[in-house]
Amino acid sequence: MKRKLQWLLAHGDIRPVMKGVYVDVRVRDSLELRADAARLLIPEDAVACGPTAAWLHGLDSTALGPEELVEAHWTRQPTDEVDVHGVRVTSPIATAVELAMRLPRPFALSAVDAFLRSGKADRWALRAASAAYEGRRGYRQAQDILRWADRRAASPGESWLRLRLIDAGFGGPELQIPVSGNGRSYRLDLGYPDRPIDGRRLGLEYDSDAWHSSTKQQLRDETRRAELDALGWHIISVGRTDLWGSYPALELAVGSFLCQEPRLPRRW
């Protein structure tokens with residue numbers, strides 16, 4: 001069976017849905033498919049929780065951790081549960097609070113941001129629900145995450161970038177900044193429009209590999225940055241490799257523009 005599975009994977013006939021479950025490549029991702037996959041791994045008397053619950057509620061695995069595939073997490077002592085296509089799952093509020101407490105900080109923020117963006121949770125409800133966990137492990141982290149969580153973050157990368165800036169002591173940046181000029185309109189991922197330096201403002205954009213790696217895409221990005229530069233914006237483009245690791249090139253670049261020493265070393 002293992003050799004057959006490896007052969008089908010190698011020939012592109014099947015793809016993994018979650019760890020231990022595979023499907024025909026022609027089957028599109030959907031909440032129904034995710035629920036069917038989870039049902040194969042989670043006991044009937046258990047409730048999906050943690051990253052599995054978030055995934056079943058529609059979050060992308062990128063927001064939940066470094067692994068591409070989600071594992072089966074379940075509990076028999078849920079605080080609050082709902083039904084998702086026939087699978088018992090912790091509610092969006094309960095799931096988001098759990099992730100805010102237990103995931104590593106960058107993924108805790110990207111997960112909560114994603115829940116807020118989905119409309120399945122709001123920050124005030126999360127804060128109220130988190131009060132029940134006061135004194136437990138992870139409570140202080142959850143309060144910090146909920147303080148900075150924002151539904152305007154359009155991707156996990158933007159969430160991680162925002163956390164880098166906050167941890168470096170620059171304060172929370174503004175998100176989805178509209179810029180107009182020369183008959184065009186732009187929207188910056190985040191920046192500090194209220195802190196001009198010599199008449200210029202700082203904007204930052206997260207460039208994911210999926211949308212900014214080809215030559216054509218890079219040329220388009222360079223043209224866009226030049227146009228924004230003419231409108232008084234200094235743009236720092238940030239890739240995934242700029243966010244992960246110990247070398248603080250990002251923080252030093254931002255601090256140099258804002259004339260502020262960043263708080264270092266990096267926390268994650």
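Remember, predicted model here, so these are calculated numbers, not experimental data. Every heavy atom of this structure was used, including side-chain atoms; hydrogens, water molecules and symmetry mates were not.
The hydrophobic cluster containing Y133 also contains L99, counting ILVMFWY residues as joined when their side-chain heavy atoms lie under 4.5 angstrom apart, directly or transitively. In the hydrophobic clustering of this structure, I14 groups with W7; members are Ile, Leu, Val, Met, Phe, Trp, Tyr whose side-chain heavy atoms approach within less than 4.5 Å, directly or through other members. A chain of hydrophobic side-chain contacts below 4.5 Å, direct or via other Ile, Leu, Val, Met, Phe, Trp or Tyr residues, connects L250 to L258. Follow the hydrophobic side-chain contacts under 4.5 Å out from I177 and you never reach L175; the two are in separate clusters. One hydrophobic cluster, built from ILVMFWY side chains closer than 4.5 Å, cannot hold both F257 and L228; they sit in different ones.
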Let's go through E158 and R152 carefully: what are the C-alpha distance in whole Å and the side-chain angles of both, what is the deciding distance for side chain to side chain contact (heavy atoms under 4.5 Å, CB included) to 0.1 Å, and is it a yes or a no? CA-CA 10 Å; E158 292 180 26; R152 294 174 296 172; over 6 Å; no
Can L219 and E222 be said to form a side chain to side chain contact (heavy atoms under 4.5 Å, CB included), step by step? CA-CA 5 Å; L219 288 173; E222 290 177 7; 4.1 Å; yes
For side chain to side chain contact (heavy atoms under 4.5 Å, CB included), just list the numbers for L161 and L204, CA-CA rounded to whole Å, side-chain angles, deciding distance to a tenth of an Å, and then say yes or no. CA-CA 9 Å; L161 172 54; L204 298 100; 4.1 Å; yes
Does the pair R224 and E205 meet the rule for a salt bridge (charged side-chain N to carboxylate O under 4.0 Å, His left out), with working shown? CA-CA 11 Å; R224 187 171 184 270; E205 300 210 296; 2.4 Å; yes
Taking it one step at a time, do D144 and R105 satisfy salt bridge (charged side-chain N to carboxylate O under 4.0 Å, His left out)? CA-CA 9 Å; D144 183 54; R105 290 177 67 252; 3.5 Å; yes
Hey, mind stepping through H73 and C49 against side chain to side chain contact (heavy atoms under 4.5 Å, CB included) and telling me if it holds? CA-CA 6 Å; H73 296 268; C49 64; 4.2 Å; yes
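Counting non-hydrogen atoms of neighbouring residues, nucleotides and ligands closer than 6.0 angstrom, the CZ atom of R102 reaches no more than 12 such neighbours. Other residues, nucleotides and ligands place more than 12 heavy atoms under 6.0 Å from the CZ atom of R76. The environment of CG in D198 is sparse: at most 12 heavy-atom neighbours from other residues, nucleotides or ligands sit within 6.0 Å. Atom CZ of R140 is surrounded by 12 or fewer heavy atoms from other residues, nucleotides or ligands within 6.0 Å. Within a 6.0 Å radius of CD in E32, more than 12 heavy atoms belonging to other residues, nucleotides or ligands are found. Within 6.0 Å of CZ on R127 lie more than 12 heavy atoms contributed by other residues, nucleotides or ligands.
Residues G157 and L243 come closest through the heavy atom pair O-CD1, 3.8 Å. Here the shortest heavy-atom pairing between I236 and V254 reads CD1-CG2, 4.0 Å. Nearest heavy-atom pair across L116 and A149 is CD1-CB, 3.7 Å. Shortest non-hydrogen contact noted between L165 and P173 is CD1-CG, 4.0 Å. When every heavy atom of E81 is checked against every heavy atom of P78, the shortest pair comes out as OE1-CG, 3.6 Å. What you find for F170 and P262 is that their closest heavy atoms are CZ-CB, 3.7 Å.
A side-chain donor from one of D167 and W268 sits under 3.5 Å from a side-chain acceptor of the other. Side chains of R225 and S237: a donor-acceptor N/O pair is present below 3.5 angstrom, by distance only.
The main-chain N or O of F107 is found under 3.5 Å from a side-chain atom of S110 such that the two form a donor-acceptor pair. Side-chain atoms of R123 come within 3.5 Å of backbone N or O of R147 as a donor-acceptor pair. Of the possible polar contacts, none joining the R201 side chain to the H234 backbone as a donor-acceptor pair under 3.5 Å is found. Of the possible donor and acceptor atoms, none in the side chain of D60 sits under 3.5 Å from a partner among the backbone N and O of A63. Checked by atom type and distance alone, the side chain of S130 never pairs as donor or acceptor with a backbone atom of V97 at under 3.5 Å. Between the side chain of E98 and the main chain of G50, a donor-acceptor pair closer than 3.5 Å is present. A donor-acceptor pair under 3.5 Å links the side-chain atoms of Q260 to the main chain of G169, judged by distance alone. Formation of a donor-acceptor pair under 3.5 Å by the T52 side chain with backbone atoms of V70 is not found in this model.
Residues satisfying the side-chain hydrogen bond (donor to acceptor under 3.5 Å, both in side chains) criterion with E67, sequence neighbours excluded, are absent altogether.
Atom OG1 of T90 is separated from atom NE2 of H57 by 5.5 Å, given to the nearest 0.5 angstrom. Between L56 atom CG and R39 atom CZ the span is 9.5 Å, to the nearest 0.5 Å. Here the CE atom belonging to M18 is positioned 9.0 Å from the CG atom belonging to L69, to the nearest 0.5 angstrom. Atom CD of E71 sits about 10.0 Å away from atom CG of L41, to the nearest 0.5 Å. Taking CD of Q141 as the start and CG of L103 as the end, the distance is 8.0 Å to the nearest 0.5 Å. To the nearest 0.5 Å, atoms CD (E261) and OG (S256) are separated by 9.5 Å.
Residues V25 and D13 fail the side-chain proximity criterion, which asks for heavy atoms closer than 4.5 Å. Between L252 and L264, the closest side-chain pair of non-hydrogen atoms falls below 4.5 Å. In this structure, W233 and R200 have side chains that are not in contact, with every pair of non-hydrogen atoms separated by 4.5 Å or more. Taking 4.5 Å as the limit, every side-chain heavy atom of D36 sits out of range of all side-chain heavy atoms of V23. Considering only heavy atoms from C-beta on, V47 stays 4.5 Å or farther from V87 through its side chain. Side-chain atoms of R117 and D150, non-hydrogen and from C-beta on, never get closer than 4.5 Å to each other. Using a 4.5 Å cut-off on side-chain heavy atoms (C-beta onward), L59 and L64 make contact. The shortest distance between side-chain heavy atoms of D29 and V17 does not fall below 4.5 Å.
Under a 4.0 Å N-O distance rule, the pair R162/D113 qualifies as a salt bridge.
Relative orientation of the W244 and W160 rings is perpendicular, given thresholds of 30° and 60° on the angle between their planes.
Annotation: cation-pi pair R195/Y192 present, NZ/CZ under 6.0 Å from the ring centroid and within 45° of its normal. The side-chain tip of R88 does not point at the ring of W74 from less than 6.0 angstrom away and within 45° of straight on.
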Donor-acceptor pairs under 3.5 angstrom involving side-chain atoms of residues 181-189: please list them, not counting sequence neighbours.
{"unit_1": "R184", "atom_1": "NH1", "unit_2": "E227", "atom_2": "OE1", "d": "2.7"}
{"unit_1": "R184", "atom_1": "NH1", "unit_2": "E227", "atom_2": "OE2", "d": "3.3"}
{"unit_1": "Y186", "atom_1": "OH", "unit_2": "E227", "atom_2": "OE1", "d": "2.8"}
{"unit_1": "R187", "atom_1": "NH1", "unit_2": "Q176", "atom_2": "O", "d": "2.9"}
{"unit_1": "D189", "atom_1": "OD2", "unit_2": "Y206", "atom_2": "N", "d": "2.8"}

